[in-house]
Amino acid sequence: MAARLNRSAADIVRFLLQQGEMVTATQSLSDDMIELFAAELGAEVRITEPGAEQEEELLRALEVDLADEGAQIRPAVVTVMGHVDHGKTLLLDRIRSSNVVEGEAGGITQHIGAYQTTRGDHRITFIDTPGHEAFTAMRARGAQATDVVVLVVAADDGVMPQTAEAIDHAQAADVPIIVAINKMDRPGADADRVRAQLAERGLVPESYGGEVITVPMSAMTGEGIDELLDQILLVAELEELTAPASGRAVGIVLEAHLDRGRGPVATVLVQRGTLRIGEPMVAGAAWGRVRAMTDDRGAPLSEAGPSMPVEVLGLGEVARSGDLFVVAPDEKTAGKVAETREHWQRQASLAGTAGGSGGGARLEDIFKQVQAGETATLNLVLKADVHGSLEAVTDSLRKLEREDVKLSFVSRGVGGINENDVQLAAASEATIIGFNVRPDRNARQTAETEDVEVRLYEIIYDLISDVQNAMVGLLEPEFEEIVVGEAQVRQVFRISGVGPVAGCVVEHGNVRSGAKVRFLRDGTIIWKGAISSLRHFQDDVAEVSAGMECGIGLSDFSDLKEGDVIETYTEREIARVA
């Protein structure tokens, strides 16, 4: 910084010491310190995100590229928001005529999903955002990418805390809001009470003389859904939504994950231009050529225009949710921008880790340290199935910090828990928290040897509750899951009248008929249930031991792939000592 301002490092150190800030010449400066010294010199300093200058340079080139292109009417992008369990996913389910509720933990949406539907001659793109307050960041990101917000409010519950948050996000994004008053089929449903509550929040319904459209409906029976779609199209028409359909594509990454067979996969929303197969694209610190694209139903696409949500293959690594993506003029430009961003992200990560070091503690030790009058630091290694979950869990945990309890994220990442994660946790005295992921066998063994605590969750409420209770010494008894056996799928057989059967080799422990199982792909839980049938060659058997081959049929699950892992387990209640 000193060289940029034509001063010496000693000048900065001396000035900051006079202001009461103890720094050295090799230390990184906070934004406040930089602005303070710049103000003293009368210099203008612009603080940007890592890689922002390169990103702006690329965007300027794109602006020129798109400036002469004619704008065309595009489909409206609609974000569905509201309180948890008020019926957002069921509403979308009705609209797209497919069921996505049953596979979700506790019936709670955990990730952003994007779908496109047709109403008459018009298309509408829907973004489904999670309703739990922990996913505030994901909801905010959805609002930034949207044209119209559909706020779902249950007619029997009324406006709830997360409904109010959703209203704040929609108003901050300055987009029209349509209120879907859902569950009108329920006893106690009162649309007028909901309208009155909305008016108190600054959303004045049309029937009260305001501009907010309200549509009484029932996602359960389908009543009112056609009217809701018509109102969305009406608002979209009034907004005169347009975007250039030609030229290089620009958009936003809604979600990203690593797929075993396909590599990094990103769900993106094209906002302008047209994305085509073979084009070089950069998304955050990730880049690559678009190898394949599919729509929300899995159908292959060769190109995607404005307001189109697509799944993209071809990036070299997993992008981050919320990253802007752009199609670059060439691979060299894409690689350079991505490399610069990656460098600065790594520097920021290292600085954060170094600054957060301290006395590590396990969950059950936190309250003891606080009682002893110490400032406790809980070091965490956090792993989640996708970036959206990772951000949400991180933000939730940061909100739990107190004066006497600090959280330090030693490492955060996407994917299953591996041996490296456990070794890092052991070295930094950290607790490993996994959200929708599992440790592999080597990681479990290393965790036992190194006495590293691994806590696994599928519902974010439970995760937050455990950490919060640990801070006040109220960690309740929990169920410990004991892995009994592990089998790897070697071949998948399709049997008439039975369905798919997994030809497996038991690699560890034993597998019993009727046992509880988790189905893992790259360490990520994709299904939980029970073994419905177990065979050794042609015989039905009760148990198969390590080293033996067997055929496994699973209840209500057919997405079997070679290399997947079937993990059987039992549960045992254990008491936690605060």
Nearest heavy atoms of Val77 and Ser307, plus distance in Å: CG2-OG, 3.7 Å
Residues Leu520, Ile525; criterion side chain to side chain contact (heavy atoms under 4.5 Å, CB included); working and verdict: CA-CA 5 Å; Leu520 309 177; Ile525 302 168; 3.8 Å; yes
Thr294 side chain near Leu301 side chain, heavy-atom distance below 4.5 Å: no
Derivation and outcome, side chain to side chain contact (heavy atoms under 4.5 Å, CB included), residues Ile417 and Leu456: CA-CA 10 Å; Ile417 298 167; Leu456 306 169; 3.6 Å; yes
Heavy-atom check, side chain of Glu206 versus side chain of Ile213, under 4.5 Å: yes
Over all atoms of both residues, closest heavy-atom pair of Asp156 and Arg193: O-NH2, 3.1 Å
Ser218 to Asp185 - nearest heavy-atom pair and separation: OG-OD1, 2.9 Å
Close side-chain approach of Met308 to Asp295, heavy-atom, < 4.5 Å: yes
Closest approach of Thr146 to Val175 (non-hydrogen atoms, all atoms of both residues): O-CG1, 3.5 Å
side-chain contact (heavy atoms from CB on, under 4.5 Å), paired with Val152, selected from Lys183, Lys88, Met217: Lys88
Considering all heavy atoms, the nearest Gly415-Val437 contact: O-CG1, 3.4 Å
From CA spacing to verdict: side chain to side chain contact (heavy atoms under 4.5 Å, CB included), Leu275, Val312: CA-CA 10 Å; Leu275 183 63; Val312 174; 3.9 Å; yes
ring-ring contact (aromatic ring centres under 6.0 Å, His included) partners of Phe519, counting only residues at least two apart: Phe557
Val204 side chain reached by Val212 side chain, heavy atoms, under 4.5 Å: no
Neighbour count above 12 (heavy atom, 6.0 Å) for Ile73 CD1: no
Check: Arg438 side chain, Gly416 main-chain N or O, donor-acceptor pair, under 3.5 Å: no
From OG (Ser389) to CG (Asn436), nearest 0.5 Å: 6.0 Å
Donor-acceptor under 3.5 Å (Ser465 side chain, Asp462 main chain): no
Asp466 and Tyr457, any side-chain heavy atoms less than 4.5 Å apart: yes
Backbone of Val327 reached by a side-chain donor or acceptor of Glu279 within 3.5 Å: no
Reported CG-to-CD1 distance for the pair Leu203 and Ile167, which is rounded to 0.5 angstrom: 4.5 Å
Straight-line distance of Arg123 CZ to Thr118 OG1, nearest 0.5 Å: 7.0 Å
Side chain to side chain contact (heavy atoms under 4.5 Å, CB included) assessment of Arg74 paired with Asp147: CA-CA 11 Å; Arg74 62 172 176 81; Asp147 303 310; 2.7 Å; yes
Arg195 bridged to Asp192 by N-O distance under 4.0 Å: yes
Partners meeting salt bridge (charged side-chain N to carboxylate O under 4.0 Å, His left out) with Lys383 (sequence neighbours left out): Asp421
Show me the donor-acceptor pairs, under 3.5 Å and distance only, between side chains in residues 229-242 and residues at least two apart or in other chains.
residue : atom : partner : partner atom : Å
Asp230  : OD1  : Arg119  : NE           : 3.0
Asp230  : OD1  : Arg119  : NH2          : 3.2
Asp230  : OD2  : Arg119  : NH2          : 3.2

Spacing of Ser411 atom OG and Leu382 atom CG [to the nearest 0.5 Å]: 8.5 Å
Closest contact, heavy atoms only, Gly224 versus Val215: O-CG1, 3.7 Å
Side-chain heavy-atom pair Asn182, Leu90 within 4.5 angstrom cut-off: no
Side chains of Val326 and Val282 in contact at under 4.5 Å (non-hydrogen atoms): yes
Partner of Arg521 under salt bridge (Lys or Arg N to Asp or Glu O under 4.0 Å), chosen from Asp259, Asp385, Asp559: Asp559
Atom pair CE (Met184) and CG (Asp190), whose distance is rounded to the nearest 0.5 Å: 8.0 Å
Atom pair CG/CG of Leu254 and Asp323 - distance to nearest 0.5 Å: 11.5 Å
Leu378 side chain reached by Leu397 side chain, heavy atoms, under 4.5 Å: no
